[in-house]
Peer 1: 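Have a look at this one.
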Amino acid sequence: MAGVTCEEPLPVKEARTGDPEAWDALFKRYQLPLYVYVFELVHDEQTSLDIVQESFVNAARHLERLREDEKFGSWLFSIAHQKCLQHWRKRKPDEPFDKAWSENLADEDFNPQEWLIHKEQEEEFVTLLNQLPWPQ
């Protein structure tokens, strides 16, 4: 199972100074997990891409607010989480809305990284179930 964690330290200090290589490293590390998380909430490819981009832009603008560099990932996911909430608040009344997602979004203890890991475990479980020989 793939995770979001990585052994090498995050180059957040370097990113604060505007180092493009540091931002590139942060982007490469978090772009896919963040996209998967956002897509599961909004169910739209283009909107998900937009939210991921907006999340990184906000992170770049407000990086000085991050107190603990090692929590960059959680902080970035929380930015994306807020962007998803904004998206759902702006949606048209006739657009479909999955109540399960709203319950996740409203939960104050909701941890996006734990949710992503849980989702990966669910998908792995379903894959294994599908591989079992079922009686005809």
Side-chain angles (χ1 to χ4, degrees):
M1 175 176 63
V4 178
T5 59
C6 192
E7 294 296 324
E8 67 184 68
L10 295 171
V12 177
K13 183 178 178 182
E14 294 82 0
R16 273 197 183 92
T17 65
D19 180 358
E21 290 180 14
W23 276 109
D24 187 51
L26 290 171
F27 184 74
K28 285 179 180 174
R29 184 174 298 176
Y30 289 105
Q31 73 179 16
L32 184 59
L34 192 61
Y35 173 80
V36 170
Y37 169 70
V38 170
F39 184 81
E40 287 292 327
L41 295 176
V42 300
H43 300 283
D44 181 77
E45 185 177 331
Q46 188 57 51
T47 302
S48 299
L49 291 169
D50 291 344
I51 289 174
V52 168
Q53 181 178 8
E54 291 171 17
S55 299
F56 274 99
V57 168
N58 277 11
R61 285 186 184 146
H62 304 288
L63 189 56
E64 73 279 353
R65 294 181 185 175
L66 179 63
R67 294 184 183 163
E68 297 177 51
D69 291 357
E70 64 276 358
K71 294 188 177 182
F72 177 83
S74 297
W75 181 66
L76 181 64
F77 272 77
S78 71
I79 292 171
H81 184 82
Q82 290 304 312
K83 294 283 180 192
C84 291
L85 284 173
Q86 291 169 3
H87 166 75
W88 283 114
R89 287 182 187 133
K90 290 190 286 187
R91 83 185 196 332
K92 296 175 186 164
D94 60 336
E95 288 182 281
F97 185 75
D98 186 344
K99 187 170 179 155
W101 297 118
S102 68
E103 291 168 0
N104 278 340
L105 289 171
D107 185 0
E108 289 181 14
D109 296 327
F110 183 63
N111 181 321
Q113 289 180 324
E114 287 178 12
W115 178 86
L116 183 60
I117 291 169
H118 176 74
K119 192 69 178 165
E120 289 174 347
Q121 290 171 341
E122 277 182 6
E123 290 170 4
E124 187 176 338
F125 177 72
V126 169
T127 301
L128 290 172
L129 275 179
N130 289 335
Q131 292 174 356
L132 289 175
W134 294 100
Q136 298 292 330

Peer 1: Let me confirm one number: the CG-CD distance from D50 to E45, rounded to the nearest 0.5 Å.
Peer 2: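 Output value for this atom pair is 10.5 Å.
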Peer 1: Does D69 have any salt bridge (charged side-chain N to carboxylate O under 4.0 Å, His left out) partners at least two apart in sequence or in another chain, and if so, which?
Peer 2: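 Per chain and number, D69 pairs via salt bridge (charged side-chain N to carboxylate O under 4.0 Å, His left out) with R16.
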Peer 1: Surrounding CD of E64 (heavy atoms of other residues, nucleotides or ligands, distance under 6.0 Å), is the total greater than 12?
Peer 2: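 Enclosed.
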Peer 1: Are more than 12 heavy atoms from other residues, nucleotides or ligands located less than 6.0 Å from atom CD of Q86?
Peer 2: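 Buried by this count: over 12 neighbours within 6.0 Å.
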Peer 1: Using a 3.5 Å distance criterion without hydrogens, assess whether the side chain of W88 forms a donor-acceptor pair with backbone atoms of L41.
Peer 2: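 Yes.
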Peer 1: H62 and I79: side chain to side chain contact (heavy atoms under 4.5 Å, CB included), yes or no, with the steps?
Peer 2: CA-CA 11 Å; H62 304 288; I79 292 171; over 6 Å; no
Peer 1: So, taking the atom named CD in E54 and the one named CZ in R61, what distance separates them when rounded to the nearest 0.5 Å?
Peer 2: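 With rounding to 0.5 Å, CD (E54) is 9.5 Å from CZ (R61).
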Peer 1: Within this structure, what is the OG-NE2 distance for the pair S55 and H81, rounded to the nearest 0.5 Å?
Peer 2: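 Between S55 OG and H81 NE2, I get 11.5 Å after rounding to 0.5 Å.
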Peer 1: According to the interplanar angle, ranging from 0 to 90°, do the rings of F77 and Y37 count as parallel (below 30°), tilted (30 to 60°) or perpendicular (above 60°)?
Peer 2: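 Plane angle between 30° and 60°, so tilted.
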Peer 1: Just to verify, what does K71 make a salt bridge (charged side-chain N to carboxylate O under 4.0 Å, His left out) with, not counting sequence neighbours?
Peer 2: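 E68.
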Peer 1: List in chain and number order the residues that pass side-chain hydrogen bond (donor to acceptor under 3.5 Å, both in side chains) with N58, two or more places apart in sequence or in another chain; answer none if no residue qualifies.
Peer 2: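 None.
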Peer 1: To the nearest 0.5 Å, what is the distance between NE2 (H87) and OG1 (T47)?
Peer 2: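 Reported to 0.5 Å precision, the distance equals 5.0 Å.
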Peer 1: Y30 pairs by ring-ring contact (aromatic ring centres under 6.0 Å, His included) with which of W23, F56, Y35, F72?
Peer 2: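 Checked W23, F56, Y35, F72 against Y30; only one passes ring-ring contact (aromatic ring centres under 6.0 Å, His included): F72.
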